[in-house]
Undergrad: 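Here it is, the structure, as structure tokens.
Given the structure is predicted, the values throughout are model-derived calculations rather than measurements. The analysis underlying the following values was restricted to heavy atoms, covering all of them including side chains, and did not include hydrogens, waters or symmetry mates. Order of the sequence lines sets the chain letters (A, B, ...), proteins ahead of strands, with each chain counted from 1.
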Amino acid sequence: MALSLYNTRTRKKELFEPLDAARVGMYVCGPTVYDLAHIGNARPIVVFDLLYRLLRDIYGADHVTYVRNITDVDDKINAAALESGEPISDITARTTKAFHDDIAELNALAPDVEPRATDHIAEMIEMIETLVASEHAYEAEGHVLFHVPSDQGYGKLSHREREDMVAGARVEVAPYKRDPADFVLWKPSQDDLPGWDSPWGRGRPGWHIECSAMSRKHLGVTVDIHGGGADLIFPHHENEVAQSECSRPGHDFVRHWVHNGFLSVEGEKMSKSLGNFITIRQALEGAPGEVLRLMMLSTHYRKPLDWTEEGVQQARTRLDRLYRVLQKANLPALDQEIAISPKGNDFYDALLDDLNTPLALSALERLADDVSKMSAVEMQIHGIGLRLAANLLGLLQQDPEAWFKGGEAESDVGDIEAQIALRLEARKAKDFAAADNIRDALAENGIILEDRPDGSTDWRRAG
RNA sequence: GGCCGGGUGGCAGAGUGGCUAUGCGGAGGACUGCAAAUCCUUUUAUGCCGGUUCGAUUCCGGCCCCGGCCUCCA
């Protein structure tokens with residue numbers, strides 16, 4: 001079985017065939033660094049991280065290049081700086097750091113290249129110049145605009161007719177536009193805002209041009225996969241296609257367009273006005289990153305995902321159960337270097353089928369169920385398979401002991417064990433009231449006891 | 001209005017033209033001093049109306065809802 005992916009452009013699930021299996025490229029639209037990332041931002045991070053892991057597994061880690069940009073020049077950043085007085089460079093540096101910290105908690109691997117828009121101004125200007133020279137773009141009042149009617153193929157990604165777009169336009173059409181659908185490639189910048197010298201005067205790039213320029217620079221004229229949230233299909237990705245293909249006629253910009261569905265919170269669209277905006281950081285206060293990751297993967301990536309407190313709890317329970325099997329299997333320590341692929345089973349096939357993670361998870365849980373019923377020797381062997389499979393999803397990355405007991409300060413472990421010893425003595429003396437008091441006191445501190453059949457007592461931290 | 005997704009058991013969420021995942025939860029039982037964990041058993045579903053078919057949740061048509069996008073929100 002081979003990997004197939006849904007392609008937004010053709011609206012079909014297609015066999016994924018890279019241009020060159022030795023150099024598979026994937027570009028994903030990264031964050032604009034003006035504020036903490038929210039759980040909606042986290043979805044594409046997790047989805048494309050999974051795709052990255054899968055591609056590495058299929059083609060070899062050295063043959064896949066994952067590029068995810070950082071947008072560090074944007075009007076929203078300017079607005080944030082104006083409001084807080086914090087220098088723009090401080091905002092972008094601080095927010096980029098926070099972004100990295102947050103998504104590391106979600107077990108997202110770092111991309112191979114993480115280009116910044118401000119490091120690629122020259123490439124953008126060059127592309128714009130090409131477009132102007134070929135009359136796909138024009139200068140007007142210091143702006144450079146892409147002339148949409150000059151692109152015969154415009155609309156092929158989002159499947160929109162130009163007339164519809166114009167009719168539905170909700171923003172005033174700038175008077176200097178030749179056509180209402182024309183969009184900005186370059187715009188003049190005030191002295192107090194970031195700007196770069198260009199053939200059209202001091203200015204800054206439009207939103208869409210950066211991804212076109214950076215994708216080409218780091219992955220070539222044609223890239224195998226370009227991904228992002230479904231809301232980017234139009235206008236962002238449509239415009240990227242226009243710029244890229246008109247500046248290099250005869251070459252496809254992207255072979256497979258992959259878009260993840262939107263995320264809502266407790267049934268409502270996440271928005272600042274509704275007050276249901278959840279940052280990754282806030283979500284991490286309520287649950288470990290792996291739980292959030294499992295939650296993300298519980299729904300197929302193209303479907304809407306409703307983020308609920310109950311859903312997070314369910315994910316936690318599911319993950320606990322998997323870790324319990326791992327704990328029981330008593331596997332040797334993690335060694336990522338020996339990671340072999342769990343190919344050729346229901347689990348892997350589910351992932352190959354357009355990243356069907358809910359189905360893959362069900363296969364994983366069936367496997368876990370089987371493993372938990374095996375003999376100790378078998379359990380070690382098949383337990384490793386279980387862990388490898390989960391690792392492909394970016395799950396079960398921790399040692400089970402650490403999962404159940406880690407977290408808070410390690411210092412009180414001795415105290416917990418002392419209390420357990422006291423309780424055991426009380427139980428031996430049939431003083432169950434005293435024993436239960438100890439257990440209740442520990443429970444109040446988030447420590448749950450589990451008596452084993454052999455008479456010993458284990459403990460774990462409550463989620 | 002245009003385009004795109006959805007409507008599955010108490011909840012989450014897949015597959016599938018007939019054998020009806022998986023998880024969470026509920027119920028009963030085993031184990032336990034009692035719990036916790038584990039194990040066993042168990043309950044309930046395919047928005048509405050037609051059509052195709054021996055048979056549809058799955059295919060087709062219509063309808064009703066829900067959500068997203070429609071120029072800078074992942």
Side-chain angles (χ1 to χ4, degrees), chain A residues 8 11 28-32 37-48 71 74-76 148 155 158-161 163-174 177 180-184 206-208 227-236 238-239 259-264 267-272 294-295 298-300 302-306 308 310-311 313-322 324-325 327-328 346 350 353 356-366 368-369 372-373 427 430-433 435-436 439-440 443 448-453 457-460 462:
Chain A
T8 306
R11 296 165 165 171
V28 174
C29 290
T32 300
H38 55 70
I39 52 175
N41 297 312
R43 193 172 189 195
I45 297 299
V46 170
V47 166
F48 291 103
T71 298
D74 183 275
D75 287 355
K76 287 195 293 293
V148 168
S158 57
H159 307 283
R160 283 163 210 268
E161 301 297 325
E163 293 72 28
D164 303 335
M165 295 184 289
V166 174
R170 62 183 180 189
V171 165
E172 272 184 68
V173 177
K177 285 189 179 180
D182 291 354
F183 57 90
V184 171
W207 176 37
H208 317 295
D231 57 318
L232 295 180
I233 296 169
F234 189 87
H236 185 52
E238 189 69 60
N239 290 353
H259 293 97
N260 62 273
F262 239 61
L263 182 146
S264 56
E268 288 187 305
K269 182 175 175 170
M270 186 165 62
S271 73
K272 283 184 176 161
L294 177 58
M295 170 91 178
S298 299
T299 301
H300 183 84
R302 281 192 281 117
K303 289 207 169 172
L305 168 61
D306 192 28
T308 62
E310 191 187 349
Q313 285 307 325
Q314 285 195 9
R316 181 197 301 276
T317 310
R318 287 177 88 167
L319 203 52
D320 274 348
R321 190 178 140 68
L322 289 172
R324 219 163 254 132
V325 174
Q327 187 178 38
K328 188 177 170 189
D346 291 350
D353 184 11
N356 192 337
T357 51
L359 193 59
L361 284 167
S362 79
L364 195 71
E365 280 164 335
R366 277 200 303 272
D369 212 42
S372 72
K373 288 169 185 156
R427 289 176 69 206
K430 304 275 185 201
D431 184 356
F432 296 122
D436 289 353
R439 184 171 65 197
D440 292 346
I448 294 168
L449 299 188
E450 294 181 6
D451 292 334
R452 298 291 177 226
T457 297
D458 202 0
W459 63 276
R460 66 186 161 92

Undergrad: Using both distances under 3.5 Å as the test, list the Watson-Crick or G-U wobble partner of B:A14, or none.
TA: none
Undergrad: Heavy atoms, side chains only, cut-off 4.5 Å: are A:M270 and A:I39 in contact?
TA: yes
Undergrad: Base, sugar-phosphate, or nothing: which does A:L449 touch, judged by heavy atoms less than 4.0 Å apart?
TA: base
Undergrad: To the nearest Å, how far apart are A:I233 CD1 and B:C72 C1'?
TA: 16 Å
Undergrad: Does a salt bridge link A:K373 with A:D369, judged by any charged N lying under 4.0 Å from a carboxylate O?
TA: yes
Undergrad: For atom P, what is the distance between B:G9 and B:C4, given to the nearest Å?
TA: 27 Å
Undergrad: Using a 4.0 Å heavy-atom cut-off across all strands, classify A:K373 as base, sugar-phosphate, or nothing.
TA: sugar-phosphate
Undergrad: Using the P atom as the reference point in each nucleotide, state the distance between B:A74 and B:G62 in Å, no decimals.
TA: 36 Å
Undergrad: Return the value, rounded to whole Å, for the distance between atom CD of A:E268 and atom C1' of B:G67.
TA: 12 Å
Undergrad: For the side chain of A:Q314, counting heavy atoms from C-beta on, which of B:A74, B:G23, B:A35 is nearest?
TA: B:G23
Undergrad: Measure from CZ on A:R460 to C1' on B:A37 and round the result to the nearest Å.
TA: 7 Å
Undergrad: Nearest-Å distance, CD (A:Q313) to C1' (B:G13)?
TA: 18 Å
Undergrad: Of all the choices, B:A36, B:C73, B:C70, which nucleotide is nearest to the side chain of A:D231 once you look at every atom?
TA: B:C73
Undergrad: With no angle test and no hydrogens, is the base of B:A35 tied to the side chain of A:R439 by a donor-acceptor pair under 3.5 Å?
TA: yes
Undergrad: Between the side chains of A:R160 and A:E238, is the shortest nitrogen-to-carboxylate-oxygen separation below 4.0 Å, so that they form an ion pair?
TA: no
Undergrad: Is there, by distance only and without an angle test, a donor paired with an acceptor across the side chain of A:N356 and the base of B:G15 below 3.5 Å?
TA: no
Undergrad: Determine the interatomic distance between P on B:C65 and the same-named atom on B:G25; round to the nearest Å.
TA: 36 Å
Undergrad: Could you give the CG-to-C1' distance, from A:L294 to B:U22, as a whole number of Å?
TA: 12 Å
Undergrad: Classify the nucleic acid contact of A:E310 as base, sugar-phosphate or nothing, counting any heavy atom under 4.0 Å across all strands shown.
TA: sugar-phosphate
Undergrad: Hey, does A:K303 reach any base, or is it just sugar-phosphate, or nothing, if we go heavy atoms under 4.0 Å?
TA: sugar-phosphate
Undergrad: Could you measure between the two P atoms, the one in B:G7 and the one in B:U57, and give it in whole Å?
TA: 15 Å
Undergrad: May I ask you to say what A:L263 touches in the nucleic acid, namely base, sugar-phosphate or nothing, with a heavy-atom cut-off under 4.0 Å?
TA: base
Undergrad: Base, sugar-phosphate, or nothing: which does A:R318 touch, judged by heavy atoms less than 4.0 Å apart?
TA: sugar-phosphate
Undergrad: Suppose you measure atom P in B:U22 against the same atom in B:A14; what distance do you get, rounded to whole Å?
TA: 15 Å
Undergrad: Does A:H38 reach a base, just sugar-phosphate, or nothing at all? Heavy atoms under 4.0 Å.
TA: base
Undergrad: Hey, which of these two, A:K269 or A:S372, hits RNA chain B nearer its 5' end, going by closest nucleotide?
TA: A:S372
Undergrad: If you pin A:S298 and A:D74 to their nearest nucleotides in RNA chain B, which one's is more 5'?
TA: A:S298
Undergrad: With both distances kept under 3.5 Å, what pairs with B:U43, Watson-Crick or G-U wobble?
TA: none
Undergrad: Figure out the CG/C1' separation between A:D320 and B:C24, and round it to whole Å.
TA: 12 Å
Undergrad: Assign A:R427 to base, sugar-phosphate, or nothing according to its heavy-atom contacts below 4.0 angstrom with the strands shown.
TA: base
Undergrad: Can you check the distance between B:U20 and B:C69, where both ends of the measurement are the C1' atom (answer in whole Å)?
TA: 36 Å
Undergrad: Specify the separation, in whole Å, of atom CG of A:D369 and atom C1' of B:C40.
TA: 12 Å
Undergrad: Could you check which nucleotide pairs with B:C59 in any of the strands shown, counting Watson-Crick or G-U wobble with both distances under 3.5 Å?
TA: B:G51
Undergrad: Could you let me know what B:C3 is paired to, Watson-Crick or G-U wobble, both distances under 3.5 Å, or none if it's on its own?
TA: B:G68
Undergrad: With rounding to the closest Å, how many angstrom separate the C1' atoms on B:C24 and B:C31?
TA: 23 Å
Undergrad: Under 4.0 Å, heavy atoms only, any strand: does A:G311 hit a base, just the sugar-phosphate, or nothing?
TA: nothing
Undergrad: Within the stacking criterion (centroid distance below 5.5 Å, interplanar angle below 30°), does A:F262 stack on B:G67?
TA: no
Undergrad: Assess whether one donor atom and one acceptor atom, taken from the side chain of A:D451 and the base of B:A37, lie less than 3.5 Å apart.
TA: no
Undergrad: Roughly how far apart, to the nearest Å, are B:G29 and B:C64 at atom C1'?
TA: 45 Å
Undergrad: Thinking salt bridges, do A:D436 and A:R439 make one under a 4.0 Å N-O criterion?
TA: yes
Undergrad: On the side chain of A:E365, is there an atom forming a donor-acceptor pair with the base of B:G23 - under 3.5 Å, no angle test?
TA: no
